[in-house]
Amino acid sequence: MKRRTKIVVLGSALLLTAGAASAATASDAPRERTTASDAPRQREAAALTGTAKLYRSAGDDITFSFDAHLAAEDKADPSKATGTFEFSHYLNGEGARAEVKVDCLLTGGKVAVVSGVVTDSDLPRAKGKRVGVTVHDLGRHDRLGYSWASTGSPVDTKELPKCVSSAPFEKVAKGTGDFTVVPWQPEL
């Protein structure tokens, strides 16, 4: 045999031996039990994530950020949604911000309505108020609405029910809309 052929044959034999040894080792190793976490992950029932600034010609700095989810096992009850969202509104250094604990999430197609209770804010009397926001995920041209659109302030809204908001009438500023809506698909 030529030298080159001997090297190829020897290399192949080494690979076969290594493969057989690792197969034997793998079969000799104790088997791990399969758990639910090893199963393929089920798609969540609904979600709203992302951040955007609203467009305002006067220069207002208005930002909304979402991290809201409805687990697959809670598909039949949107009020079991979890997560948070935040919003802020500033103009000329004046304004306020709020953090909200999600208490409901409904989505349909590329539209989401999320509500929650304000847990932290520098807006007087906002803490403890329920607010709602609607998002329309249109790619680079997302839109947004909020429950206090007709009252002017979240603190002026009386007893807002869960998952209630306004139509998504606001435009997001160019280059900032990255909302993602996972559509809810309830069994009807």
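Everything numeric in this text was worked out from a predicted model, so none of it was measured.
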- Smallest separation among heavy atoms of Val155 and Pro124, with atom names: CG1-O, 3.3 Å
- Task: With side chain to side chain contact (heavy atoms under 4.5 Å, CB included) as the test, would you mind laying out the steps for Thr63 and Phe87 before giving the verdict?
- Result: CA-CA 5 Å; Thr63 304; Phe87 59 92; over 6 Å; no
- Message: Go through it in stages, so that I can follow the logic: the residues are Lys171 and His141, the test is side chain to side chain contact (heavy atoms under 4.5 Å, CB included), and I'd like the CA-CA distance, side-chain angles, deciding distance and then a yes or no.
- Response: CA-CA 7 Å; Lys171 294 179 182 178; His141 306 287; over 6 Å; no
- Message: Looking at every heavy atom in both Ser153 and Leu123, which two are closest together, and how far apart are they?
- Response: OG-CD2, 4.0 Å
- Item | Val100 reachable from Val113 in the ILVMFWY side-chain graph, under 4.5 Å edges | no
- Do Ser115 and Asp103 get their side chains close enough for a donor-acceptor pair, meaning under 3.5 Å? yes
- Which distance, rounded to the nearest 0.5 Å, do you find between the OG1 of Thr82 and the CG of Leu105? 9.0 Å
- Message: Could you tell me if the side chain of Gln185 sits less than 4.5 Å from the side chain of Arg43, heavy atoms only?
- Response: yes
- Just wondering, more than 12 heavy atoms not from Lys127 lying within 6.0 Å of its NZ? no
- Task: Identify whether Val182 and Leu48 are in the same connected component of the hydrophobic contact network (ILVMFWY, side-chain heavy atoms under 4.5 Å).
- Result: no
- Task: Apply side chain to side chain contact (heavy atoms under 4.5 Å, CB included) to the pair Ser65 and Thr84, showing each step before the final yes or no.
- Result: CA-CA 9 Å; Ser65 295; Thr84 59; over 6 Å; no
Could you pull out every donor-acceptor pair under 3.5 Å between side chains of residues 88-99 and any protein atom, sequence neighbours left out?
unit_1, atom_1, unit_2, atom_2, d
His89, NE2, Asp60, OD2, 2.7
Arg97, NH2, Asp120, OD2, 2.8

- Can you find a heavy atom in the side chain of Thr176 that is under 4.5 Å from one in the side chain of Thr51? no
- Minimal heavy-atom distance between Lys110 and Val181, with the atoms involved, is O-CG2, 3.7 Å
- Report yes if some heavy atom in the side chain of Arg130 is under 4.5 Å from a heavy atom in the side chain of Lys162; otherwise report no. yes
- With a 4.5 Å limit on heavy-atom distance, are the side chains of Pro154 and Lys129 in contact? no
- Message: Are the side chains of Thr49 and His69 in contact, using a 4.5 Å heavy-atom criterion?
- Response: yes
- Under 4.5 Å between any side-chain heavy atoms of Phe66 and Val133, yes or no? yes
- Task: Side-chain contact test, heavy atoms from C-beta onward, threshold under 4.5 Å: evaluate it for Ser147 versus Val131 and give yes or no.
- Result: yes
- Message: Let's go through Glu170 and Arg56 carefully: what are the C-alpha distance in whole Å and the side-chain angles of both, what is the deciding distance for salt bridge (Lys or Arg N to Asp or Glu O under 4.0 Å) to 0.1 Å, and is it a yes or a no?
- Response: CA-CA 9 Å; Glu170 295 265 18; Arg56 289 289 173 90; 2.5 Å; yes
- Task: Measure from the side-chain N and O atoms of Asp77 to the backbone N and O of Asp74, and report whether any donor-acceptor pair falls under 3.5 Å.
- Result: no
- Taking every non-hydrogen atom, the tightest pair across Phe179 and Ala52: CZ-CB, 3.5 Å
- Message: Using the side-chain contact (heavy atoms from CB on, under 4.5 Å) criterion, which residues pair with Thr151? Sequence neighbours excluded.
- Response: Trp148, Asp156, Thr157
- Message: Between Lys53 and Asp61, is the side chain to side chain contact (heavy atoms under 4.5 Å, CB included) condition met? List the steps.
- Response: CA-CA 7 Å; Lys53 289 182 179 269; Asp61 182 3; 2.8 Å; yes
- Backbone N or O of Gly145 within a donor-acceptor pair of the Ser166 side chain at under 3.5 Å? no
- Query: Do you know the tightest heavy-atom contact between Ala71 and Ala45?
  - Reply: O-CB, 3.6 Å
- Which heavy atom in Thr107 sits nearest to a heavy atom in Ala46, and how many Å separate them? OG1-CB, 3.6 Å
- Query: Side-chain contact, heavy-atom cut-off 4.5 Å: Thr134 with Leu144?
  - Reply: no
- Message: Show, in sequence, the C-alpha distance, side-chain angles and deciding distance for Phe85 and Phe64, and conclude whether the ring-ring contact (aromatic ring centres under 6.0 Å, His included) test is met.
- Response: CA-CA 7 Å; Phe85 64 93; Phe64 284 82; 7.8 Å; no
